Amino acid sequence: MSRHPLRTWMLTGALAGSLALSCTSEEPFPNVDELELLQSLHSPTRTPPKDPTNKYGDLPAAASLGQRLFKDPGLSGCGNISCQSCHDGEGRSVDTPKATGCEGQLTGRNPPSVLNSGYSTWFMWDGRADRLWNQALLPLLSTVEMASSPTLLRARLSELYAEDYRALFGKLPSEETDDNVLLANFGKAIAAYERTLVRNDATFDQDVIRFLEAVQAGKAESDPAYLGLKTFVRTGQCAACHKGPSLSDDQFHNIGVKDLSDSKRGVAEAAGKMLGWPFNSAGPYSDAPSGVESSRLQRLSSDLQEKGPELEGAYKTPTLRNVELTAPYMHTGELKTLEDVVELYNKGGEPAGNYAGAVSKTIKPLDLSKEEKQALVKVLKSMTGAAK
Ligand code: HEC
Ligand code: HEC
């Protein structure tokens, strides 16, 4: 009990009540705030919330066109790379730190899974897309990934998908003279497909429900999930950021992952560009440009001004759902296993100088015991959703 030198004192009642109150780690787990966090961790809705900026998002015809486009290497400039090339297998990612695009080029970062991507609100590790449909344009046009162009897209859509495209969007691809509308429509069909890639209902959800019942019954400590959930919520502070149904706060934080690359500034660099991007959710290609989406953009913009330094080297909190299926980890793909992830948090991130900016105040050395580390890894593994 090196972490709590006061513990034995308190148990013997030698401390004054006021002092005991200030030592929150001695309170029974969960306290009121922790209970609220635990209650937030429930399974997400069966289908992702509607995206008003994509009016095709829930149309089965859009999803089926999107599925075919997702798998079509003929959309790439090099002819052999599709979205699926880098988002494949059970985890819908790759098992190497970086992925390979056109002409053998390596991506700058680790591909996140596209499973459950319909629940997110920021996309890419640095948040440089704010909707699932506009995200799809980035890999299509990236010279490293698919190296495509509006001309190539129009030609391929005309060759293989002309009637399906017209049925959805009202014009043949060859009649769509505005490149940006063509691109946005492509993205909206892809997003409709990605919204169907849902994997929820994890053992974790059952454990949380049962644990909450045990809390009600005053039997929290004897529940098998006690140590894991206590480490996740209290000792490890994981739920400070990995909370809510998606196990993400959808915010950006610097947790001290080693990154000395040119793009190490993360959201601090990406956000400005995204805010001026014509394809963002407040732009002319959005189906709800003045909806709540635009207020999210305003908030990001004021965050950049008010807490700029905190956003240096900060990346999006990823969902932890299905995390066991998506090794390696972090935006760099540098950590091979969940055990490695726990070790990084345990030491409070890498030493300063290994990344842009400074680590978030929430990230501190944890001094976890071997049992706590094991329990935490078990919790992470329990977040895999039931296979469909
Ligand atoms: C060459 C590999 C490669 C290809 C091809 C590729 N991706 Fe990705 N994908 C990545 C990488 C790498 C990232 C992370 C990039 C970053 O954050 O800088 C990513 C990120 C994403 C994300 C964001 C997920 C999140 O949680 O933030 C989505 C969604 C996605 N890709 C969908 C697609 C779609 C749709 C296509 C095809 C149009 C595609 N990808 C093609 C490698 C690829
Ligand atoms: C301050 C907010 C914050 C806290 C606290 C936090 N995380 Fe994270 N987590 C993040 C961010 C941000 C990333 C992505 C960082 C990056 O790639 O640079 C991340 C990444 C991860 C990943 C990698 C996921 C992937 O797909 O690559 C795992 C696993 C993870 N966290 C688990 C945990 C655990 C376990 C704890 C508690 C010990 C924890 N996190 C505490 C914000 C947080």
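Counting convention: from 1, in listed order, for ligands and their atoms alike. Hydrogens, waters and symmetry mates play no part in the numbers below; they use all other heavy atoms, side chains included. The structure displayed is predicted, hence computed values, not measured ones.
- For atom 25 (C) of ligand 2, the closest heavy atom belonging to the protein is Tyr329 CD2, 3.7 Å.
- The backbone of Lys316, and not its side chain, has at least one atom closer than 4.0 Å to an atom of ligand 2 (non-hydrogen atoms only; backbone = N, CA, C, O).
- Using a 4.0 Å cut-off between heavy atoms, Tyr345 contacts ligand 2 through its side chain alone, with no backbone atom that close.
- When only non-hydrogen protein atoms are considered, atom 3 (C) of ligand 1 lies nearest to Cys86 SG, 2.7 Å.
- Checked against a 3.5 angstrom limit, the closest N/O atoms of Asp126 and ligand 1 fall outside it.
- The N/O atoms of His242, backbone and side chain alike, include one that comes under 3.5 Å of an N/O atom in ligand 2.
- Contacts between Lys98 and ligand 1, counted as non-hydrogen atom pairs separated by less than 4.0 Å, are absent for every part of the residue.
- With distances taken over non-hydrogen atoms, the option nearest atom 27 (O) of ligand 1 out of Met124, Glu194, Arg109 is Met124.
- Across the listed options Gly313, Gly256, Pro112, Pro318, Pro318 owns the non-hydrogen atom lying nearest to atom 24 (C) of ligand 2.
- Nearest-residue assignment for atom 31 (N) of ligand 1 (options His87, Glu145, Arg92, Met146; heavy-atom criterion): His87.
- Ring pair Phe169/Tyr165: centre-to-centre distance below 6.0 Å.
- Counting only non-hydrogen atoms, the option in Leu320, Leu325, Asn346 that gets closest to atom 30 (C) of ligand 2 is Leu320.
- Cys238 SG, 1.8 Å is the protein heavy atom nearest to atom 37 (C) of ligand 2.
- Every N/O-N/O distance between Ser117 and ligand 1 stays at or above 3.5 Å.
- Neither side chain, Asn116 nor Thr319, offers a donor N or O lying under 3.5 Å from an acceptor on the other.
- A perpendicular orientation is assigned to the rings of Trp133 and Phe279, their planes being inclined by more than 60° (bins at 30° and 60°).
- Ligand 1 has Thr100 within reach: a non-hydrogen atom of the residue lies less than 4.0 Å from it.
- From the protein, the heavy atom lying nearest to atom 18 (O) of ligand 2 is His331 ND1, 2.7 Å.
- Considering backbone and side-chain atoms together, Arg128 places an N or O closer than 3.5 Å to an N or O of ligand 1.
- Annotation for Ala192 and Asn54: closest pair N-ND2, 4.4 Å, computed over non-hydrogen atoms.
- Among Ala270, Cys83, Gly187, Pro73, the residue whose heavy atom lies nearest to atom 38 (C) of ligand 1 is Cys83.
- Looking at Ala129 against ligand 1, nothing comes within 4.0 Å, counting heavy atoms.
- If you check the side chains of Tyr161 and Asp72, you find a donor sitting under 3.5 Å from an acceptor.
- For atom 4 (C) of ligand 2, the closest non-hydrogen atom on the protein side is Cys241 SG, 3.4 Å.
- Residue contacts with ligand 1, taken as heavy atom pairs separated by less than 4.0 Å, involve Gln135 solely via side-chain atoms from C-beta onward.
- Looking only at heavy atoms of the protein, atom 12 (C) of ligand 2 is closest to Tyr315 O, 3.2 Å.
- Only the side chain of Trp125 comes within contact range of ligand 2, with a heavy atom under 4.0 Å; no backbone atom does.
- Distances from atom 5 (C) of ligand 1 to the heavy atoms of Pro97, Gly266, Ser82 show the closest one on Ser82.
- Between Met330 and ligand 2, an N or O atom pair is found at a separation short of 3.5 Å.
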